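None of these values were measured; they are calculated from a predicted model.
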Amino acid sequence: MKLIRFHDVLRDGIQSLMGTNPSADEIIQAYPTAHQTNCDMVQTAGGTFFDLFAKKGRDEWAEVEKIITHFSKHNVKQSALVRGDFLFGYEPYSYDVVEGVILEFAKMGINVFHNFHGMNDHIPLIGVCEAVKKAQEKGYNVIANGTICIEDNPNITISNCLKFAKKLVDLGHEGFYLKSASGRLNPEFVYMLTSQLINRFPDQEITIHAHSTYGEAPACYISAILAALLNNKPITIDVQHPALSGSTAQPSMTKMAELVANYPDPSVNIHAPELNKKAIKDSLESLLRLRFRYREYETAYDKPLLDTMYEARVPGGASSTLKSIPGLVDNLARILELENESDKWEKIQSHIYKQQRKILKDLGEPTQVTPYAANTTGQAAISLWNVLEGRDPYSTLYPGIINYLSGMHGMVPDTVNKELVSKALDQKGFKKVVEYQSSTKRANMLKKAESDLIDAGIACPTTRQKLSYLLLGDIDHILAVHNGDNKPQTPPDLPFYASEPVSLEKKKLSSDGKTYLFDIRDAITSIGGIPVLQEIAERTLHLKQLNDGHYIFPDSYSDLGKIWFDINMKKLTKIIDSIEQNMINSGFNSLQVESFTKQQGHLTIFECIREVLNNRGEGLFEYFYELYEEKIVTGKAE
């Protein structure tokens with residue numbers, strides 16, 4: 001039996017890369033073979049797969065049920081990520097709400113609830129554990145999976161993690177989920193922690209989850225794998241379909257499978273998962289199309305900015321928090337005199353993340369995962385604003401930071417700045433840091449929700465409506481969905497060059513009466529359309545990241561960087577080399593080919609590539625052009 005298993009965290013790919021903007025139908029249609037890849041499990045729920053569906057004007061329950069039901073029909077084991085008592089939100093709920101949500105998701109088909117608290121406090125996790133036990137009593141095939149949040153952080157030590165693991169097991173969790181939202185990890189730490197967990201808790205299986213934001217995930221995955229296999233224990237790693245991998249998501253399933261298969265020790269490579277390559281390939285183009293359509297929501301690659309983020313342990317999706325603070329961007333642009341700068345947003349972020357690095361110690365080094373990541377970045381932005389206006393950095397505290405420092409979110413580290421704690425307590429009207437109350441000890445909330453919904457005009461509110469009212473806090477949305485008046489967000493428009501061309505029978509002919517008049521849409525379609533443009537972007541980005549030293553490589557893979565570079569260069573070269581022939585195969589004559597590949601007074605294929613690459617990363621087209629000149633024009637590429 002192979003001991004290495006893959007967990008396709010589809011939910012996180014859509015969330016991290018596309019801001020949970022696609023609809024359930026778009027996700028399902030773009031990944032029709034998700035159930036056939038041979039991954040052990042698929043993550044289909046949790047995180048922002050509830051509140052953001054609602055914020056996009058959709059019926060959140062219909063959306064999550066559509067996805068979960070789709071995979072249930074294919075007998076796929078499914079997981080959901082929940083934030084303990086906080087569920088999918090930023091504040092804790094009472095037990096009747098926690099139980100209600102867990103039971104609804106268990107009914108739909110979720111099997112594993114990854115139950116986590118950002119500061120590894122077990123008290124906020126009690127409610128979900130109890131709710132899962134209730135679901136088990138009702139006959140549902142579910143477990144609560146004990147999550148340990150990890151990152152390169154002075155609060156997170158092997159000793160603390162082991163103590164927390166014991167509490168997780170005592171609560172009734174099954175297995176451990178090592179979760180790093182920031183992706184800031186040390187492979188040696190991962191190896192030691194995995195080994196110690198196996199030694200102390202030999203009956204608990206381990207899964208590791210890390211984002212690729214800083215290029216450390218593959219090496220850390222290999223470390224966890226080696227520690228598990230040395231003890232002859234199974235290990236699961238979180239991966240993405242290649243079209244949804246990298247950037248701020250997780251490593252590619254195919255790349256990780258190749259890493260394991262090529263490991264020099266047969267006792268390791270024999271356990272490489274056997275993925276269904278055809279199933280993966282069959283969804284490649286449609287997923288690349290989806291990623292292209294929602295590309296405006298993806299974090300662009302910017303090496304200097306990324307280096308600044310690294311020092312502050314910023315998760316890849318932090319920019320969405322900043323844009324949600326009213327007036328912040330405009331005011332900081334004015335104060336920093338960046339209003340007329342084309343890259344003002346990148347420069348503003350850099351200033352904020354430098355400020356974040358400065359305040360982490362005062363805040364007690366909170367783990368950069370929801371809700372602490374959003375709250376830390378929110379405070380950094382406000383602190384920067386204060387400093388630039390000549391005020392104390394903490395003259396204003398971010399609301400989430402106030403709740404954190406006052407104990408309302410759970411554990412508060414001993415190292416936190418005591419003056420900040422006093423300030424937060426004063427603002428809350430508390431005399432001391434409060435002791436966090438588990439959801440099981442909080443007053444029920446559903447009855448009040450029912451009363452509010454009846455008063456709002458819903459005669460007989462359903463359980464789901466009551467839960468939505470509490471989780472979303474938006475009664476107008478609940479009423480709109482109830483009355484069928486909600487207006488779902490429409491997909492973004494594609495640029496002209498990527499839109500559907502006019503059909504051949506409707507095209508005009510040139511003066512010779514034989515030659516069709518093509519436009520840029522036809523040219524882009526002839527070379528493979530959106531999927532090829534997106535592939536060019538991802539391969540060029542990967543080459544740039546390798547050139548920038550973005551990745552750390554596992555031991556025993558000393559030449560891996562060169563291997564990855566050569567493979568991507570060869571595939572990119574093949575795409576570019578085939579452009580002219582593909583156009584000819586599609587009916588373009590030699591003059592038309594030259595017209596659409598060289599500057600002739602209208603949009604060319606390479607200008608479209610420029611737009612796609614510059615959208616994907618700072619200076620990416622310039623880097624591509626250097627490669628193009630060196631490897632393709634000169635014929636040096638293999």
Side-chain angles (χ1 to χ4, degrees), residues 22-23 25-26 29-32 243 281-296 490-541 570-616 620-629 631-635 637:
S23 67
D25 283 331
E26 288 178 288
Q29 290 165 11
Y31 200 176
K281 184 179 180 180
D282 286 348
S283 288
L284 182 65
E285 288 194 3
S286 51
L287 283 172
L288 288 172
R289 287 180 184 277
L290 187 70
R291 190 166 179 176
F292 182 90
R293 183 177 286 277
Y294 288 95
R295 63 197 176 124
E296 296 300 331
T490 56
D493 292 331
L494 292 171
F496 177 77
Y497 64 80
S499 57
E500 194 72 24
V502 174
S503 62
L504 203 61
E505 56 269 19
K506 293 183 179 180
K507 288 190 186 301
K508 294 180 180 180
L509 294 172
S510 65
S511 57
D512 65 9
K514 299 178 182 179
T515 306
Y516 285 109
L517 296 176
F518 293 119
D519 62 30
I520 190 61
R521 296 172 297 180
D522 300 290
I524 294 298
T525 299
S526 73
I527 68 169
I530 288 173
V532 167
L533 291 177
Q534 188 65 33
E535 183 177 353
I536 290 172
E538 296 309 317
R539 292 201 180 282
T540 305
L541 174 59
K570 185 175 182 179
K571 291 183 177 179
L572 180 62
T573 301
K574 183 178 180 180
I575 292 172
I576 303 303
D577 276 349
S578 67
I579 285 178
E580 293 188 7
Q581 187 59 52
N582 284 336
M583 293 180 72
I584 291 170
N585 293 344
S586 297
F588 286 73
N589 61 36
S590 58
L591 289 176
Q592 289 173 322
V593 169
E594 183 176 359
S595 174
F596 283 106
T597 55
K598 296 178 175 60
Q599 183 62 48
Q600 295 288 336
H602 59 76
L603 194 60
T604 68
I605 288 175
F606 285 97
E607 286 175 319
C608 295
I609 292 174
R610 178 199 297 272
E611 194 273 342
V612 173
L613 289 176
N614 285 343
N615 182 276
R616 192 69 188 85
L620 207 53
F621 180 75
E622 286 73 14
Y623 181 70
F624 165 82
Y625 193 74
E626 290 174 10
L627 294 174
Y628 179 75
E629 287 288 292
K631 300 290 185 180
I632 299 172
V633 173
T634 64

Specify the closest pair of heavy atoms between [X] and [Y], including all atoms of both residues, with the distance to one decimal.
X: L288; Y: I530; answer: O-CG2, 4.2 Å
X: A243; Y: R291; answer: O-NH1, 2.9 Å
X: K507; Y: V502; answer: NZ-O, 2.9 Å
X: E500; Y: R521; answer: O-NH1, 3.6 Å
X: A498; Y: F292; answer: CB-CE2, 3.9 Å
X: N582; Y: S526; answer: CB-O, 3.4 Å

Discussion item. For a side-chain contact (heavy atoms from CB on, under 4.5 Å) check, start with the C-alpha distance between I605 and I579, then their side-chain angles and the critical distance, and finish with the verdict.
Written reply: CA-CA 9 Å; I605 288 175; I579 285 178; 4.0 Å; yes
Discussion item. I'd like to know if the side chain of S578 reaches the main chain of I575, judged simply by a donor and an acceptor atom lying under 3.5 Å from each other, with no hydrogens or angles considered.
Written reply: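 Yes, S578 side chain to I575 backbone: donor-acceptor pair under 3.5 Å.
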Item to complete: Using atom types as modelled and distance alone, determine if a side-chain donor or acceptor of Q592 lies under 3.5 Å from a backbone N or O of N589.
Response: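 A pair under 3.5 Å: yes.
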Discussion item. Before you tell me yes or no, could you show the steps for T540 and Y628 under side-chain contact (heavy atoms from CB on, under 4.5 Å), namely the whole-Å CA-CA distance, both residues' side-chain angles and the distance that decides it to 0.1 Å?
Written reply: CA-CA 10 Å; T540 305; Y628 179 75; over 6 Å; no
Discussion item. Using a strict threshold of under 4.0 Å (side-chain N to carboxylate O), is an ion pair present between R295 and E611?
Written reply: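 Yes, charged N to carboxylate O under 4.0 Å.
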Worksheet entry | ring pair (Phe, Tyr, Trp, His ring centres under 6.0 Å) pairs, two or more places apart, involving residues 503-533 |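 Non-adjacent pairs meeting ring pair (Phe, Tyr, Trp, His ring centres under 6.0 Å): F518-F588.
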Worksheet item: Strictly by modelled atom types, are S510 and D512 linked by a side-chain donor-acceptor pair under 3.5 Å?
Response: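 The answer is yes; a qualifying pair exists.
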Worksheet item: Which residues pass the side chain to side chain donor-acceptor pair (under 3.5 Å) test with N615, sequence neighbours left out?
Response: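 Scan of N615 (side chain to side chain donor-acceptor pair (under 3.5 Å), adjacent residues dropped) gives E296.
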Worksheet item: Can you name the side chain to side chain donor-acceptor pair (under 3.5 Å) partners of Y623, sequence neighbours left out?
Response: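 By the side chain to side chain donor-acceptor pair (under 3.5 Å) rule, Y623 matches no residue at all.
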